[in-house]
Amino acid sequence: MTKNPFHVIRYPNTPNQEWLIAALTHQGWSYVRLAQAGAALAVAEEARGLSIRANNLATLAESLNLLGSIQYFLLGEYKVADGYFEEACTLYQQIGYRAGEATVMMNQAESANTQGDYRRAEAKIQDALSIIREAGDRMKELSMLINLSEAQVRLEDHGPAVANLTLVTAQAPPDWTYAPSAYQVLAEAYLGLDKVGQALAAVQAAASGEQEGKDPYSLAQSWRVLGLIAARLGEPVARQPASDRTYTAADCFARSLQLFTDIDNKREQATVLWAWAGYEMAQGNTAAGNAMWQEAQDIFNRLNLPLLIARMEQSLRGDFD
């Protein structure tokens, strides 16, 4: 067994360890953003253990929500994640903390979204939004609107997605953690409306708010979206609006694929390969495109994601519902 390099100092004689549990949970979310699954699991499990020993239902629910997020987002273990989320929701209901329940529902929606179950994702987000709006938490509402818009984009409902994200980007502070994600989804929504210039401006805005190494997942996503835009334009594009350096669609897809490979996110690797395959086929590179397509489908098969495999087949026929 490999020794855990992310050692956390323990204070077993401290009467109230709630502050320590909160610190561990916060640390776990930081590791999730850095795509460090092992480190995230270590601190999340410690937070759960301390919460059980302290009989603290609130912090236990928080640690279970974190564990569920690690399982679906970093490890692709969707059934395991659902178990953690259901347990967390039950605990939040027991203590009457509806905002916490809404947060878990949001993560359930994102798990559904990553599996290609966009209708369930949309319904869960709407339920979570109603709770958060009632609570008056504006910033959390804005973050949930990003997730709702992503589901809408996948469902080809681009107009409402643009409206939601235009509101989000107008009201959120420029240094907001989720601003790059909002612009990325906005770019895809604009692409769905065939507004390629607006799509490029949006993904460039996302790139302006990103920092190398801070959020590799978000960075990889922006490269994927930039590749979609370059493919649609049929010419290289700049990642920054004032930059002379441009990238072909293949350059962008290759960079995105490398970043997702570095963090071992196989689902997103398949998503990039799927997009890249379509581009290569459109260029007449049938052999290369077919190979990428098959590799993407094989990954989805190994991850047991039948809904995404079905969408791959639908995309060939152009009959999304």
Side-chain angles (χ1 to χ4, degrees), residues 21-22 24-37 39-41 43-45 47-48 51 57-95 97-135 137 139-154 164 168 177-178 181-182 184-185 215 217-218 221 263 265 267-268 303 305 307-308:
I21 298 168
L24 288 166
T25 305
H26 180 76
Q27 188 178 27
W29 285 114
S30 297
Y31 286 137
V32 169
R33 288 185 62 80
L34 292 170
Q36 296 180 8
L41 278 173
V43 295
E45 288 288 4
R48 179 171 66 164
S51 296
L57 298 186
T59 60
L60 178 57
E62 290 169 9
S63 64
L64 289 167
N65 182 41
L66 172 58
L67 281 164
S69 298
I70 295 166
Q71 291 293 336
Y72 94 81
F73 185 63
L74 297 180
L75 301 176
E77 296 289 345
Y78 303 106
K79 289 184 179 179
V80 176
D82 285 343
Y84 284 130
F85 288 144
E86 288 298 330
E87 192 175 349
C89 270
T90 299
L91 289 173
Y92 278 131
Q93 289 165 3
Q94 287 178 12
I95 63 179
Y97 185 38
R98 297 207 73 207
E101 184 183 356
T103 299
V104 179
M105 290 166 65
M106 186 68 254
N107 286 328
Q108 287 177 310
E110 277 303 283
S111 179
N113 188 51
T114 59
Q115 295 174 74
D117 193 349
Y118 305 122
R119 294 290 180 195
R120 180 171 183 263
E122 184 180 39
K124 280 283 185 184
I125 298 166
Q126 293 285 18
D127 289 343
L129 268 170
S130 66
I131 295 173
I132 291 303
R133 283 170 174 155
E134 185 179 327
D137 190 334
M139 292 310 297
K140 187 163 285 187
E141 180 184 350
L142 292 178
S143 68
M144 288 185 177
L145 282 173
I146 300 173
N147 301 103
L148 175 62
S149 300
E150 184 176 4
Q152 290 170 331
V153 167
R154 303 296 172 245
N164 285 334
V168 170
T177 301
Y178 301 111
S181 295
Q184 288 162 22
V185 181
D215 188 345
Y217 181 90
S218 179
Q221 287 288 28
I263 63 174
N265 191 315
R267 178 198 175 279
E268 294 302 335
L303 296 177
L305 294 171
L307 291 174
L308 289 175

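Scanning for side chain to side chain donor-acceptor pair (under 3.5 Å) contacts around Glu101 gives Gln93, with sequence neighbours left out. Residues meeting the ring pair (Phe, Tyr, Trp, His ring centres under 6.0 Å) test with Phe85, sequence neighbours left out: none. Glu86 pairs by the salt bridge (charged side-chain N to carboxylate O under 4.0 Å, His left out) definition with nothing, not counting sequence neighbours. Listed by chain and residue number, Glu45 satisfy the salt bridge (charged side-chain N to carboxylate O under 4.0 Å, His left out) test with Arg48 (two or more places apart in sequence, or in another chain). Evaluation of the ring pair (Phe, Tyr, Trp, His ring centres under 6.0 Å) rule for Tyr92 yields Tyr97 as partners, not counting sequence neighbours.
Nearest heavy-atom pair across Leu142 and Val168 is O-CG2, 3.7 Å. Residues Leu308 and Gly116 approach most closely at CD2-CA, 3.7 Å, considering heavy atoms.
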Begin with the C-alpha distance, continue with both residues' side-chain angles, and end with the deciding distance and a verdict on side chain to side chain contact (heavy atoms under 4.5 Å, CB included) for Thr25 and Ile21.
CA-CA 6 Å; Thr25 305; Ile21 298 168; 4.2 Å; yes

Evaluate the criterion side chain to side chain contact (heavy atoms under 4.5 Å, CB included) for residue pair Leu129 and Ile125; output intermediate values, then yes/no.
CA-CA 6 Å; Leu129 268 170; Ile125 298 166; 4.1 Å; yes

Kindly determine whether Glu122 and Arg154 satisfy side chain to side chain contact (heavy atoms under 4.5 Å, CB included), including the steps that lead there.
CA-CA 10 Å; Glu122 184 180 39; Arg154 303 296 172 245; over 6 Å; no

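Ser111 and Gln115 share a donor-acceptor pair across their side chains, judged by distance under 3.5 Å alone. With 3.5 Å as the limit, one finds a donor-acceptor pair spanning the side chains of Gln184 and Ser218.
The line from CD1 of Ile263 to CG of Asp215 is 8.5 Å long, rounded to the nearest 0.5 Å. Put simply, CD on Glu134 and CZ on Arg98 are 5.5 Å apart, with the number rounded to the nearest 0.5 Å. With rounding to the nearest 0.5 Å, the separation of CG in Asn164 from CD in Glu150 is 13.0 Å.
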Side-chain donor-acceptor distances from residues 61-80 under 3.5 Å, at least two apart:
residue: Ser63; atom: OG; partner: Thr59; partner atom: O; Å: 3.4
residue: Ser63; atom: OG; partner: Leu60; partner atom: O; Å: 2.8
residue: Asn65; atom: OD1; partner: Asn107; partner atom: ND2; Å: 2.8
residue: Ser69; atom: OG; partner: Asn65; partner atom: O; Å: 3.0
residue: Ser69; atom: OG; partner: Asn107; partner atom: ND2; Å: 3.4

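Of the possible polar contacts, none joining the Arg267 side chain to the Leu303 backbone as a donor-acceptor pair under 3.5 Å is found.
At most 12 non-hydrogen atoms from other residues, nucleotides or ligands lie less than 6.0 angstrom from OH of Tyr178.
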